[in-house]
There are 2 protein chains.
Amino acid sequence: MADGRMPAAISGENLLFLTDEQLRQGIEAMFFAYRGFTADPDRILSNLAYGRAHHRAIHFINRAPGTTVNNLLNILGVTKQSLNRVLRTMIEDGLVESRVGKSDKRERHLYLTDAGRALEGQLSDAQRVRMRSAFRDAGPDAVAGFRTVLEAMMDTEMQRTYTRLKESGA
Amino acid sequence: MADGRMPAAISGENLLFLTDEQLRQGIEAMFFAYRGFTADPDRILSNLAYGRAHHRAIHFINRAPGTTVNNLLNILGVTKQSLNRVLRTMIEDGLVESRVGKSDKRERHLYLTDAGRALEGQLSDAQRVRMRSAFRDAGPDAVAGFRTVLEAMMDTEMQRTYTRLKESGA
DNA sequence: ACTTTAAGTCAGCCTTGTTGACATTCCAAG
DNA sequence: CTTGGAATGTCAACAAGGCTGACTTAAAGT
């Protein structure tokens with residue numbers, strides 16, 4: 001198994017990881033792990049006037065500075081009314097800057113201000129501490145498997161979005 | 001590496017999977033994958049008068065029939081008022097049955113009715129289809145890694161809850 | 001000129017989380 | 001036997017963050 005090869009006709013024994021019980025454990029692992037995944041930034045945000053929605057917006061603006069509202073909408077998968085609400089508060093609070101597009105003046109390009117970057121760093125650090133600890137405990141092979149399964153779990157459009165972001169950041 | 005051993009002083013090369021960029025990709029993978037993870041049951045539920053909270057309750061009642069409200073509270077990590085709201089609607093709608101405890105009559109033990117089990121099966125099937133496909137695409141080694149990382153990402157109390165459930169189901 | 005697109009806004013609704021206050025019922029310890 | 005605490009349930013109020021629908025403005029495309 002170490003070489004990763006798989007016989008053309010997969011034997012019954014190899015399918016034991018696909019039993020309903022195994023799938024259920026995977027489902028429950030996702031549920032509990034996601035709670036841990038969001039717990040640390042949530043704790044920080046609860047002291048401020050922001051929530052998880054702000055965290056997501058701030059994360060992806062930091063990831064792709066100058067992104068348009070429409071692009072962010074596609075990444076986040078919410079309506080523009082929902083996004084606009086969190087965006088407006090963060091612009092008012094001086095965390096996000098909205099600049100009119102040069103070539104297309106209808107578009108607004110979004111950037112984090114210094115204050116925005118500071119908050120982003122605080123939230124990211126908290127989330128990365130847990131992620132780093134989990135990755136270190138699990139080891140590189142487990143991390144590779146983790147990412148493989150997560151990618152396979154995404155919708156096709158999300159896979160493309162994820163890959164595009166991944167490649168832009170490398 | 002196949003034997004899983006790790007030198008006492010971990011070399012720099014082995015830590016490449018712990019760079020901030022790798023961690024960020026892991027964080028984004030979790031975000032996008034969780035959306036996929038919940039998408040199918042959410043679609044089914046949107047046609048009914050229920051939401052994700054109902055799905056979670058119904059899942060764990062099915063998993064541990066006869067569980068008390070308090071126990072369910074600990075698993076789900078919400079307040080009793082939140083849980084009570086979804087529980088009440090499902091009891092009214094005849095999906096969940098609440099029986100007074102025998103030894104301790106303060107406790108209510110929760111069971112799914114036939115209708116409840118039918119809905120649970122419908123939701124689980126939808127979620128399992130995606131999970132099975134992701135697991136199959138990724139292969140058994142990746143799945144093992146996936147679960148290792150997820151477990152390491154949980155809070156300690158969630159790990160215990162998760163393990164207890166896992167062992168009760170095996 | 002007309003249509004489409006990007007963005008923003010207003011109003012209203014739903015789900016799901018939160019606190020706080022309070023009643024009931026029952027077990028168990030003094 | 002009484003009383004304190006635990007488990008449950010309920011009411012009220014509120015907030016975050018989703019949603020739809022309708023509409024405006026401005027710019028771009030055709």
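Lettering follows sequence order; numbering is per chain, from 1. Values reported hereafter were calculated over all heavy atoms of this structure, with side chains retained and with hydrogens, waters and symmetry mates removed.
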Subject >> dG17(D) phosphate, OP1 or OP2, under 4.0 Å from Arg52(B) side-chain N/O >> reply: no
**OP:** State, yes or no, whether a side-chain contact exists between Leu119(B) and Tyr50(B) at a heavy-atom distance under 4.5 Å.
**Re:** yes
**OP:** Please evaluate the base of dT5(C) for a donor-acceptor partner in the side chain of Arg106(A) within a cut-off of under 3.5 Å?
**Re:** yes
Original post:
Do you know which two heavy atoms are closest between Arg35(B) and Ile75(A), and how far apart they sit?
Top reply: NH1-O, 3.3 Å
Original post:
For dT18(C), does either OP1 or OP2 sit under 4.0 Å from a side-chain N or O belonging to Thr79(B)?
Top reply: yes
Original post:
Side-chain N or O of Ser82(B) less than 4.0 angstrom from OP1 or OP2 on dT18(C)?
Top reply: yes
**OP:** Indicate, yes or no, whether a donor-acceptor pair under 3.5 Å links the base of dG8(C) to the side chain of Arg85(A).
**Re:** no
**OP:** Step through it carefully: locate the ring centre of Phe146(B), locate the ring centre of Phe17(A), and say whether they are under 6.0 Å apart.
**Re:** no
Original post:
Side chain of Lys80(A), base of dA7(C): donor and acceptor closer than 3.5 Å?
Top reply: yes
Subject >> Nearest-neighbour nucleotide for the His54(B) side chain, dA6(D), dT16(C), dG9(D) considered >> reply: dT16(C)
Original post:
Which sits closer to the 5' end of DNA chain C, Gln81(B) or Leu73(A), going by the nucleotide each is nearest to?
Top reply: Leu73(A)
**OP:** On the 0 to 90° scale, with breaks at 30° and 60°, tag the Tyr34(A)-Phe37(A) ring pair as parallel, tilted or perpendicular.
**Re:** tilted
**OP:** Give a yes/no answer on whether the side chain of Asn70(A) brings an N or O atom under 4.0 Å of OP1 or OP2 in dT5(C).
**Re:** no
Original post:
Considering only side-chain heavy atoms of Asn84(A), which listed nucleotide, dG8(C), dG18(D), dA6(D), is closest?
Top reply: dG8(C)
